[in-house]
Amino acid sequence: MPLPHNFPPLPPALPAAVQRYWGFTTLRALQEDAMRLALAGRDALVVMPTGGGKSLCYQAPAVVRGGLTVVVSPLIALMKDQVDGLARVGVPAVRIDSSMTADEKADAAAAIRSGEARLVFTSPERLVNTGLVQFLRDCGANAVAIDEAHCISHWGHDFRPEYRQMVRLKEWFPGAAVQAYTATATERVRADIVERLGLHDPTVLVGNFDRPNLTFRVLPRVSPIGQVREVLDRHPGDAGIVYCLRRADVDDVAAQLKAMKYKAVAYHAGMSPDQRRQAQEAFASEEVDIVVATVAFGMGIDRSNVRFVVHAAMPKSIEHYQQETGRAGRDGLPSECVLLFSGADFVTLKSITEKSALEAGAAPEFVASTIKHLDDMAKYARGAVCRHRALVEYFGQSFEAENCGACDICLGDTDEVPDAKQVAQKILSCVARVKESCGVTHVLDVLRGANTDGVRSRGHDKLTTYGLLGDVPKNDLRDWIYQLVGQGALAVSEGEYPLLRLTPLSWAVMKGEQSVRLIRLARKTRRSARDRDDAPAAERHPPGTLPAGADPELFERLRQVRRQVAVGLGVQPYLVFPDSVLAEFARGRPGTLARMRQVSGVGDRKLADFGETFLNAILAHCGQAGLALDVDAPVARGAAPAKPVHKPSARRDMVFDLFRTEAALDYVAAKLEVTRGTVAEYLVEYIREEKPAGIFAWVPEDVCERVAAAAEQCGTTRLKPAFQALNEEVPYDTIRIVFAFLDSRDGG
Ligand code: ADP
Ligand code: ZN
């Protein structure tokens, strides 16, 4: 999956633009590859989880490349946020959508025609229905980015008919490189996107699907409102979403929460467009912190500091679950996702699916695929496997850590069934005794000794396994059967009446050669000792939300300043600064504008616009509270749970130290979680400044000699002639390293 070694590297103008406009000191590995593809004019499909940083992949190249980038996006709210966000960092962008006045449209068209606008955001409907395509082509549109590209696929969880027209994209913009972006894609959806968009020889980039900053929990649903409150009370003052299955549940839960003085609003498709807009705006502007919603709520939501997502009922698929929980912690700070599960949800959703499929005359394979999705989701909820592992593996990736430290299973919230082995043996032998000819419910009845017609008519009340687990609650027993399925110790046959079947592992367990794990979902999430700490500031920010050493009071104060600034400008608060930046202000407490500029996420424009306001707040607070200013970041040791925000200088010192020990590029890249390309940049800097005696630790001797010979021929001012002279066999990074070394010796 990495790009070929002779693929053109990023031009230095790109990281420089990212630093200048966005204030980010590094690019994420996949971002770098996506941008290299974009700048090389290649088609690509980029799959990254929510919060992975997709938008920068097309925004940053648009800034350094000539011409115009067209961004197709499904929702007006989403477009508006992006255009506002770009304006905040100083990048000219416009949108064209149905909500605009004639004057606004004329202004947008003028900005496009004059070449001022680097990006134009529009909806699929717009592209189809107007002369817009011709206009954009005439104005030099040379790149197209499609956001939420899974909307084009029937197999996706969010098919949108208006995306169907996108099959004509290549015809509309024949010369333009097309890049499709999505957070959710199984193999099938991926193939579908590539095919429908007619992508030409596309590179498919797939990011890491794990979201380490999210803690996942599944609780059996006993009292929804009480359990929702428990989560809310763990996150006072924080933003969160509570998802319910039906509109009536939304209204009910929202009303109950409001009666208990929580600042909550309802959101569902049954409300008027005006009511919905108000609810969205109240949440986005941080007037309200809790939204109770059906899944209709979310796609337009870009509030990055959502700290918890509660599902009061099972979602329709793991894709949905991933998308919906993905709205938590987009700023990278620790956040919690709780699923309240009941087996009844599966039954309800299945019958809703079947009913609506019947009414719509849907194809049988479509119905089957939908039910399979439900089934996978229920398996996840009942499973005894690490939640991070289960989610990542569902998306076809592997998960390394034995213990993720961020799910109910790994945190020990769940209770192990002490005699799991015997219980499993009883269940499995019952499946054997009924000759693998029954479904889950029947096996449950037999094991619990139910006196039903079904059991008696088949003579199963005479079996030795009849009533063997009569004292186990039905729900627990059902969960355990699914847990055995999840671990491969039982299988479920395909077909209309799925039967429980034995597997080789079943026999090994029955013979006592293999062990299995069974758990009881915890009734209540255990709280850690620090959670119970009743220091008021700490209570407002549960452990881990803020980086070590950050002052919670200052963080609160900065959030208030941000709210005022945002209201003044009429934009969403996170567009001023995301929580991650405020958290770093509260930790590092910059005492000068120069120091503030070093924080990741503070670019030139934002520093000029907001720097002083926030600096004054920091100085005032630190003066009153007697807090030190300009606190350096601790140097990370070992694996830190949340990604530390490295100051450029601290990170650079660390990398230089590693180079002094002649650490390999890949090792440094893995250690810092950055790309090899970024590390190569550091190495070039290191060589220029520290002038090491040799570079054979990084470039083999014979390669050095070849590059040096090419340098004799073509000089060291430009890379490309040497690259070509070397038959495109030596990667650009390597050439730059050797050139830096040659230059450092020339200079003495
Ligand atoms: P997505 O569209 O994939 O959900 P976003 O584009 O909204 O993700 O980015 C998620 C967050 O990560 C944003 O707050 C963004 O500012 C931040 N971000 C993106 N790229 C970087 C980077 N290279 N360094 C630091 N922060 C970044
Ligand atoms: Zn885990």
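Atoms within a ligand are numbered from 1 in the order they appear, just like the ligands themselves.
Judged by the shortest distance from any of its heavy atoms, Pro49 lies inside the 4.0 Å radius around the atoms of ligand 1. Not a single heavy atom of Met48 sits closer than 4.0 Å to an atom of ligand 1. Within the structure, ligand 1 has Gly52 among the residues with a heavy atom less than 4.0 angstrom away. Contact annotation: Asp331 has no heavy atom less than 4.0 Å from any atom of ligand 1.
Geometrically, ligand 1 and Ser600 share no nitrogen or oxygen pair separated by less than 3.5 Å.
Pairing each heavy atom of Arg88 with each of Arg605, the nearest pair is O-CG, 3.2 Å. Glu32 and Leu10 get closest at one heavy-atom pair: CG-CD1, 3.8 Å. Listed here is the closest heavy atom pair of Arg559 and Arg303: NH2-NH2, 4.2 Å. Contact record, Thr325 with Leu214: O-CD1, 3.7 Å, taken as the closest heavy-atom pair.
Near Leu27, with a cut-off below 4.0 Å to any heavy atom, the atoms of ligand 1 are 23 (N). In summary, the atoms of ligand 1 found under 4.0 Å from a heavy atom of Gly53, numbered by their order in the structure, are 1 (P), 3 (O), 5 (P), 6 (O), 8 (O), 9 (O), 19 (C). Each of the atoms 22 (C), 23 (N), 24 (N) of ligand 1 lies under 4.0 Å from some heavy atom of Thr26. Heavy-atom contacts of Leu56 reach the following atoms of ligand 1: 20 (N) (cutoff under 4.0 Å).
Rounding to the nearest 10°, we obtain 110° for the angle at the Zn ion (ligand 2) between Cys386 SG and Cys410 SG. Draw a line from the Zn ion (ligand 2) to SG of Cys404 and another to SG of Cys407, and the angle between them is 110° (to 10°).
Contacts with ligand 1 closer than 4.0 Å are made by heavy atoms of both the backbone and the side chain of Ser55.
Taking the ring centroids of Tyr380 and Tyr321, they lie under the 6.0 Å cut-off. When ring centroids are compared, Tyr267 and Phe283 stay outside the 6.0 Å threshold.
Taking 4.5 Å as the limit, some side-chain heavy atom of Phe610 sits within range of a side-chain heavy atom of Leu569. A 4.5 Å side-chain heavy-atom check between Leu339 and Phe216 finds every atom pair outside the cut-off.
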Audit row: Tyr394, Glu319, side chain to side chain donor-acceptor pair (under 3.5 Å) steps and yes/no = CA-CA 9 Å; Tyr394 180 83; Glu319 283 85 345; 3.1 Å; yes
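Residue His388 does not count as close to the Zn ion (ligand 2), with no N, O or S atom under 2.8 Å.
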